[in-house]
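Counting starts at 1 for both ligands and their atoms, following the listed order. FYI, side chains are in, hydrogens and waters are out, and symmetry mates aren't considered; it's all heavy atoms of this structure.
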Amino acid sequence: MITLPGLIDPHVHFREPGAVHKEDWDSGTFAALAGGFTMVLAMPNTQPPIFDASSLDLALQAARSKARCDYAQFLGAGPANAEIVAELAPRAAALKMYLDATYGELRLDDMGLWAPHFTKYPREFPIVVHAESRSMAAAILFAALYDRPVHIAHISLKEEILLIKAAKEKGIKVTCEVTPHHLFLSSPASDAKNTLKINGRLEVRPPLASKTDVEALWENLTVIDCIATDHAPHTLAEKVSAKPPPGFPGLETCLPLMLTAVNHQRLTLDDLIQKMHANPRRIFNLPDQPDTWIEVDQNEEYTLSASTQYTRCGWTPFEGWKVKGRLHKVVLRGKTAFEDGKVLAEKGSGINVR
Ligand code: DOR
Ligand code: ZN
């Protein structure tokens, strides 16, 4: 058994307010603790989206009464709320800008709408962008022009990781994260063995990429600052419907997948700690969680299955995967929050780190 710091996931989607049949602050933080995460940063594409004081209050009220691990809530950038969100910044995880199509209403197509956010949002917090391919290049140019930190969510392509590498070499304040699904799954078109095949379950933004892209991510792990789950729960019924929404659950499969990769020597345990604790803490300016750690058995083998998960969505893209490395215990601020498959933390015991 080894001890690691409490993991921080800087990118989760809980569906409260608006779609609690998919997930709420209770089930989402339950899943977080069962995955070894003691702190999560929640995205703003809820219904309503979190983009002003009253919607922020709505999310934080739900979180305060239900969360079992520590958390902060993102604000969403809209076409006309740059001043409002800049004022709310001290109460929020950071600002999220959706520059490409995805799930929910928040989207800033017009580049003219970006500048007010880049000038007004306080520089001690990053702006997180959902920006794929060429819009990522545009976002990096904005980071350079405005000389402020930009964190790029869920990168998936070779061209993207190489672009970020080049930007970092130039001293542009850019950081990035990658999801486990973009590290472990490729698109079925490029992978004949992919058992998910062409069905709605595979829908995710950014889409699963080619094997060449996946290899490029592994080859450039030093460029990747964070492993973030992009936990995006939709129910199995929704995923197999005629109009499947994009997104995979990830909170409960991330750590075992990454520990398996450590076992296969694809990264070191120290890399894992950097990308799942130290870097998210530094990038998002997050406080220390005193007396907080997790315990894992690096040698225990088991099979991932939705039947043992706490997320409300009821499925996992990693069903049946054999992993090596299991979480046994989570201690959060001196109290055992999870032990041997059971979440012990009380509802409402999580604190808002902002
Ligand atoms: O696949 C995705 N699902 N990508 C996103 O960017 C949003 C997310 C969601 O909220 O479901
Ligand atoms: Zn997301």
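- Remark: ligand 1 and E203 share no N or O pair separated by less than 3.5 Å (distance only, no angle test).
- In this structure, the ring of W321 has its center no less than 6.0 angstrom from the ring center of Y302.
- Listed by atom number, the atoms of ligand 1 under 4.0 Å from H130 heavy atoms are 6 (O).
- With H231 as reference, E23 is the one residue of H11, M43, E23 to meet the side chain to side chain contact (heavy atoms under 4.5 Å, CB included) rule.
- Nearest to the Zn ion (ligand 2), among the N, O or S atoms that D230 has, is OD1.
- Counting heavy atoms under 4.0 Å from ligand 1, residue H13 touches it through the side chain alone.
- One distance of note links CD1 of I294 with CG of L332; it measures 12.0 Å at 0.5 Å rounding.
- Residues V262 and Q298 form a side-chain contact, since some pair of their non-hydrogen atoms from C-beta on lies under 4.5 Å apart.
- At a heavy-atom cutoff of 4.0 Å, ligand 1 is contacted by the side chain of R15 but not by its backbone.
- The closest protein non-hydrogen atom to atom 6 (O) of ligand 1 is T102 OG1, 2.8 Å.
- Every heavy atom of H231 sits 4.0 Å or more from the atoms of ligand 1.
- Between R201 and P317, every side-chain heavy-atom pair lies at or beyond the 4.5 Å cut-off.
- Listed by atom number, the atoms of ligand 1 under 4.0 Å from A232 heavy atoms are 3 (N), 8 (C), 9 (C), 11 (O).
- Heavy-atom contacts of V204 reach the following atoms of ligand 1: 1 (O) (cutoff under 4.0 Å).
- With hydrogens and angles left out, the side-chain atoms of T260 and N263 include no donor and acceptor closer than 3.5 Å.
- Nearest to atom 3 (N) of ligand 1 among the protein's heavy atoms is P246 O, 2.9 Å.
- In this model, no donor atom of one side chain and acceptor atom of the other lie less than 3.5 Å apart for H328 and D297.
- Regarding atom 1 (O) of ligand 1, its nearest protein heavy-atom neighbour is R205 N, 2.8 Å.
- Rounding to 10 degrees gives 110° for the angle at the Zn ion (ligand 2) between NE2 of H13 and NE2 of H11.
- Relative orientation of the Y98 and H130 rings is tilted, given thresholds of 30° and 60° on the angle between their planes.
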